[in-house]
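Only heavy atoms go into these numbers, but all of them, side chains included; no hydrogens, no water, no symmetry mates. We count ligands from 1, going down the list as the structure has it; atoms in each ligand are counted the same way. Small disclaimer: the values here were computed from a predicted structure and weren't measured.
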Amino acid sequence: VDLSLEWLGMRMASPLYNASGVMCRTREELDAVAGSAAGALITKSCTLTPREGNPEPRYHATALGSINSMGLPNEGYPYYFDYAQQFDYRKPLFVSVSGMSLEDNLFMLADLRDRHLPCLPEINLSCPNLPGKPQLAYDFAATAEALEKISQVYPGAFGVKLPPYFDPVHFAQMAALLNRFEGLRFVTCINSVGNGLLIDLASETTLISPKGGLGGLGGDYVLPTALANVREFARLMPDKHVIGCGGIKSGAEAFMHILCGATAVQIGTCLHEEGVGAFARIQHELAELMAQKGYQCLADFRGRLKTL
Ligand SMILES: C=Cc1c(C(=O)O)[nH]c(=O)[nH]c1=O
């Protein structure tokens, strides 16, 4: 069974890598992912200057997934761009960019452009946890304006991290918008399902502190929404790649994301809870499942979900 893939001029030995935000804030974490069975790695979304993030507790895992309101804690963009400068590129590296404003994004992307590095930017349009800041990608006009400016500043291939959408009209509107941008070569679906609320029954208290306990959901809670977003955007944007993210904890969910059309898949909550060993485990499970089904490679089943 062959788990390798080639896309946008990059080769990956495995379709699995980390979701931005998990196991990627420090050099040590990034090196751990780079040294694991992961097929690629991506950095924590960065801002112009370092950020502490929201008050703790700001992450909590349950049997069904996770809730987080980290608040974009990161070392500042030079830290990650310097990491990208010294990286050996034995596997693809992506840098996640999530400026606090369009100007900040344009500034960081111009710096990245001028470094002429092999890494690709994944521009985060969907952070749900900045108090007072709505998710950009839920404002279609603002998203169009941002992508116009980004395309003018950044000539290379780039991707965007999208929030989940929940309405066929929104899938269609967003896809039509994104299809206008040639340089936009991939979308990562989905970011956490924003502003959920989890409660500790015994103490009658929220599980996390920021925003009155509201946070982005990951894990089993979000798999159906993630699969729907992957399938819809893969269908509506046949010339772009869709990276699947959301609810992957075994070979089965990785298979489902690829069946929906995902080129590669990112692991968040499961990686946070299990550690980098999750990559080899899930990869093995995926290979087993493919062998049982008689598939030799990912292209044998990618995007082949059948409907009734
Ligand atoms: C970049 C901020 C994000 C964060 C965060 O740092 O709070 N959490 C998420 O689930 N998704 C994000 O995009």
Side-chain angles (χ1 to χ4, degrees), residues 17-26 29-30 41-62 64-77 79-80 94-102 104-105 108-109 121-139 143 146 158-165 186-198 206-223 225-226 229 243-248 266-273:
Y17 59 120
N18 66 302
S20 178
V22 181
M23 200 72 71
C24 58
R25 178 174 172 183
T26 65
E29 290 180 328
L30 287 161
L41 62 158
I42 184 168
T43 61
K44 168 65 184 174
S45 293
C46 61
T47 47
L48 218 51
T49 55
R51 285 175 56 88
E52 285 294 310
N54 290 340
E56 296 183 331
R58 58 194 190 183
Y59 173 93
H60 192 100
T62 71
L64 294 175
S66 66
I67 186 166
N68 91 83
S69 187
M70 307 303 286
L72 199 40
N74 74 97
E75 309 300 321
Y77 85 94
Y79 181 97
Y80 302 103
F94 297 84
V95 287
S96 177
V97 173
S98 186
M100 297 303 282
S101 68
L102 176 54
D104 286 4
N105 273 324
M108 291 188 282
L109 288 167
E122 180 185 89
I123 301 165
N124 189 346
L125 304 178
S126 49
C127 180
N129 302 323
L130 298 172
K133 278 179 71 75
Q135 296 186 69
L136 183 67
Y138 285 153
D139 178 336
T143 299
F158 67 94
V160 293
K161 178 74 168 281
L162 295 178
Y165 297 93
F186 68 93
V187 296
T188 303
C189 299
I190 59 176
N191 205 321
S192 52
V193 171
N195 298 296
L197 177 62
L198 288 175
T206 62
L207 290 185
I208 59 173
S209 163
K211 294 174 61 175
L214 297 183
L217 304 176
D220 295 3
Y221 294 123
V222 310
L223 179 67
T225 296
N229 278 260
I243 304 302
C245 184
I248 296 171
Q266 297 178 350
I267 303 172
T269 300
C270 175
L271 174 60
H272 187 284
E273 296 308 304

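For ligand 1, the atoms closer than 4.0 angstrom to any heavy atom of Asn68 are 4 (C), 5 (C), 7 (O), 8 (N), 9 (C), 10 (O). Near Asn191, meaning under 4.0 Å from one of its heavy atoms, ligand 1 places the atoms 9 (C), 10 (O), 11 (N), 12 (C), 13 (O). Close contacts of ligand 1 with Ser45, meaning ligand atoms under 4.0 Å from a residue heavy atom, involve 1 (C). Atoms of ligand 1 found under 4.0 Å from any heavy atom of Asn124 (numbered from 1 in listed order, with element): 1 (C), 12 (C), 13 (O). Against a heavy-atom cut-off of under 4.0 Å, Lys44 is close to the following atoms of ligand 1: 5 (C), 6 (O). When each atom of ligand 1 is checked for a heavy atom of Leu72 under 4.0 Å away, the hits are 1 (C), 2 (C), 5 (C), 6 (O), 7 (O).
Counting only N and O atoms by type, the side chains of Tyr221 and Thr62 include a donor and acceptor under 3.5 Å apart. At a cut-off of 3.5 Å, with distance as the only test, a side-chain donor of Ser126 or Asn124 sits close to an acceptor on the other residue. The closest side-chain donor-acceptor pair between Asn74 and Thr47 falls under 3.5 angstrom.
At the top of the distance list for atom 4 (C) of ligand 1, counting protein heavy atoms only, stands Asn129 ND2, 3.6 Å. Nearest protein heavy-atom contact of atom 2 (C) of ligand 1 is Cys127 SG, 2.7 Å.
Taking 4.5 Å as the limit, some side-chain heavy atom of Leu130 sits within range of a side-chain heavy atom of Arg51.
Between Gly71 and ligand 1 there is a heavy-atom distance shorter than 4.0 Å. Assignment of Ser192 to the shell around ligand 1 is supported, since a heavy atom sits closer than 4.0 Å. Contact analysis puts Pro128 in contact with ligand 1, with a non-hydrogen atom separation below 4.0 angstrom.
Judged by distance alone, with hydrogens and angles left aside, the side-chain atoms of Tyr80 form a donor-acceptor pair with the main-chain N or O of Glu75 at under 3.5 Å.
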Evaluate side-chain contact (heavy atoms from CB on, under 4.5 Å) for Leu72 paired with Ser45, printing each intermediate quantity in order.
-> CA-CA 7 Å; Leu72 199 40; Ser45 293; 3.7 Å; yes
Please step through side-chain contact (heavy atoms from CB on, under 4.5 Å) for the pair Tyr77 and Val97, ending with a clear verdict.
-> CA-CA 8 Å; Tyr77 85 94; Val97 173; over 6 Å; no
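Any N or O atom pair closer than 3.5 Å counts here, and Met70 shares at least one such pair with ligand 1.
In this structure, Tyr138 and Tyr165 have perpendicular ring planes: the angle between them is above 60°, well past the 30° mark.
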